[in-house]
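From a predicted model like this one, the values you see are computed outputs, not experimental measurements. Throughout, a chain's letter reflects where its sequence line sits, starting with A, and its residues are numbered from 1.
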2 protein chains.
Amino acid sequence: MVTDRRAARHEATKLRILAAAWELAAEQGLAGISLRDLAARVDLRQPSLYSYFDSKLALYDAMFAQAYEQLLAAVEPLELTGSPEEQIRQMAYVFTRLAVADVPRAQLLFQRTLPGFEPSPESYALANRFLDRTRRHLAAAGFTRPEDLDLYTALMGGLVNQQMANDPGGTRWLDLVDEAIDMYLEHSVPKGGTL
Amino acid sequence: MVTDRRAARHEATKLRILAAAWELAAEQGLAGISLRDLAARVDLRQPSLYSYFDSKLALYDAMFAQAYEQLLAAVEPLELTGSPEEQIRQMAYVFTRLAVADVPRAQLLFQRTLPGFEPSPESYALANRFLDRTRRHLAAAGFTRPEDLDLYTALMGGLVNQQMANDPGGTRWLDLVDEAIDMYLEHSVPKGGTL
DNA sequence: GTCTATACATCGATAGAC
DNA sequence: GTCTATCGATGTATAGAC
């Protein structure tokens with residue numbers, strides 16, 4: 001049907017716009033994306049973007065969703081091997097490398113850097129799918145308390161954030177992932193736990 | 001001398017502008033500070049601000065320096081007691097509470113959220129003085145490797161960042177500081193270390 | 001869907017009078 | 001130091017031709 005071809009072309013253009021938006025974010029920062037520059041990159045005029053996104057915040061939301069889809073697509077097909085502990089290590093390794101690989105993406109996903117931006121429920125569901133995956137892996141190794149997950153995300157997020165903020169392009173904090181996971185795995189439930 | 005009085009008045013106005021800037025940052029976000037709003041808060045016209053700061057980035061740099069001076073003023077007079085390990089715990093407790101208490105301040109100091117902003121060497125020296133203090137406390141407890149400091153900053157920064165991003169105003173990650181410090185202190189140099 | 005054209009409010013920054 | 005006036009840029013949005 002013709003409408004299918006139309007819809008396909010519409011989706012294709014939307015993807016081109018998103019790709020150009022990531023380019024601009026890498027060059028000018030996430031908040032530095034201008035709709036005029038963005039339109040120029042895909043050979044459109046600025047008002048034409050409104051045929052694809054209702055607003056700039058809607059563009060950010062689409063970027064948020066696309067970014068989590070990228071992460072999920074990279075992580076879900078992985079076949080983790082070895083003990084649950086070893087799988088946690090592999091997961092941490094993959095996640096930190098992925099997170100650091102695209103600074104604006106990490107800012108969009110893991111920080112509250114854009115004034116007024118809140119991911120839509122649909123986009124947030126993707127984020128939760130990603131978090132659930134982590135939760136299941138931790139649980140498989142016996143880390144079943146909610147605090148276990150929170151401590152893990154703080155540790156991984158902290159490494160990623162320090163790497164991006166204080167050694168962009170380097171590996172100073174990435175090199176600590178192994179030791180951080182050692183530390184985390186060695187740590188059992190504290191004496192005054194809730195058991 | 002008259003020039004002293006002039007300089008004093010100049011400094012006083014500068015401080016009023018900075019105070020208003022922190023107010024605006026709390027309301028509109030760090031990047032949401034507009035020079036017109038800022039000028040209005042101190043009964044000036046927008047161009048008059050340029051008698052005090054060469055640019056908006058220079059204003060951010062002054063805020064960066066002032067924020068680290070606040071942290072140092074709050075932390076340096078502290079008399080930490082107990083074993084070195086206990087002092088590290090107290091330090092972590094104070095730092096995370098201080099960091100979370102002012103979200104825009106934490107964003108300015110610990111994240112790279114402002115496009116184009118780099119702290120000046122003078123401001124960066126303050127940041128280093130703060131970091132040195134942490135380094136000395138860790139060293140007193142035997143954590144003398146550079147990696148020990150990096151892991152510590154990642155852990156504390158991670159807790160602070162997760163608290164601000166995912167539970168603003170709450171204590172979900174702040175409540176994990178004690179356990180995080182337990183985990184850190186329990187962790188000795190890994191088997192395959194550099195010894 | 002895409003375009004031209006236009007509007008409106010906002011922004012950081014500068015020139016020049018006083 | 002402070003002001004008025006102004007600049008070029010921005011984001012948002014609409015009208016209307018094609």
Within the sub-3.5 Å range, which N or O atoms of nucleotides 3-7 of chain C have a protein N or O partner, and how far apart are they?
from	atom 1	to	atom 2	distance (Å)
C:dC3	OP2	A:Arg45	N	3.0
C:dC3	OP2	A:Ser48	OG	2.5
C:dT4	OP2	A:Arg45	NE	3.1

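- Here B:Ser55 lies in heavy-atom contact (under 4.0 Å) with sugar-phosphate atoms only.
- Screening B:Arg136, B:Arg133, B:Arg129 for a salt bridge (charged side-chain N to carboxylate O under 4.0 Å, His left out) with B:Glu76, the sole residue that qualifies is B:Arg129.
- Atom-to-atom, CD of A:Glu11 to C1' of C:dG1 comes out at 15 Å; the value is rounded to the nearest Å.
- Between the side chain of A:Gln90 and the backbone N or O of A:Thr81 there is at least one donor-acceptor pair closer than 3.5 Å.
- B:Tyr68 and B:Phe64 have their aromatic ring centers within a separation under 6.0 angstrom.
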Sequence neighbours excluded and cut-off under 3.5 Å, please list the side-chain donor-acceptor pairs for residues 51-58 of chain A, or say none.
from	atom 1	to	atom 2	distance (Å)
A:Ser55	OG	A:Leu57	N	3.4
A:Ser55	OG	A:Ala58	N	3.2
A:Lys56	NZ	A:Ile33	O	2.6

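- Summarising the geometry, the separation between NZ on A:Lys56 and C1' on D:dT12 is reported as 11 Å, rounded to the nearest angstrom.
- Using a 4.0 Å heavy-atom criterion, one finds that B:Tyr52 contacts the sugar-phosphate atoms exclusively.
- Among the atoms of the strands shown, none is found under 4.0 Å from any heavy atom of B:Leu49.
- One can place CZ of A:Arg6 at 11 Å from P of C:dT2, the figure rounded to the nearest angstrom.
- With respect to the salt-bridge test (charged N to carboxylate O, under 4.0 angstrom), the residues A:Asp148 and A:Arg135 do not qualify.
- Using modelled atom types and a 3.5 Å distance limit, the side chains of A:Thr153 and B:Gln162 yield a donor-acceptor pair.
- Spacing between atom CG of A:Leu38 and atom P of D:dT10 amounts to 12 Å, rounded to whole angstrom units.
- Atom pair B:Leu59:CG and C:dA13:P shows a separation of 10 Å (rounding to whole Å applied).
- The cationic group of A:Arg97 lies under 6.0 Å from the six-membered ring centre of A:Tyr93 and within 45° of the ring axis, placing it in a cation-pi geometry.
- A straight line from CZ of B:Arg9 to P of D:dT2 spans 8 Å, rounded to a whole angstrom.
- Residue-level contact check: B:Leu57 touches neither bases nor backbone, having no heavy atom under 4.0 Å from any strand.
- Put simply, A:Ser34 has a side-chain N or O that comes within less than 4.0 Å of OP1 or OP2 on D:dG11.
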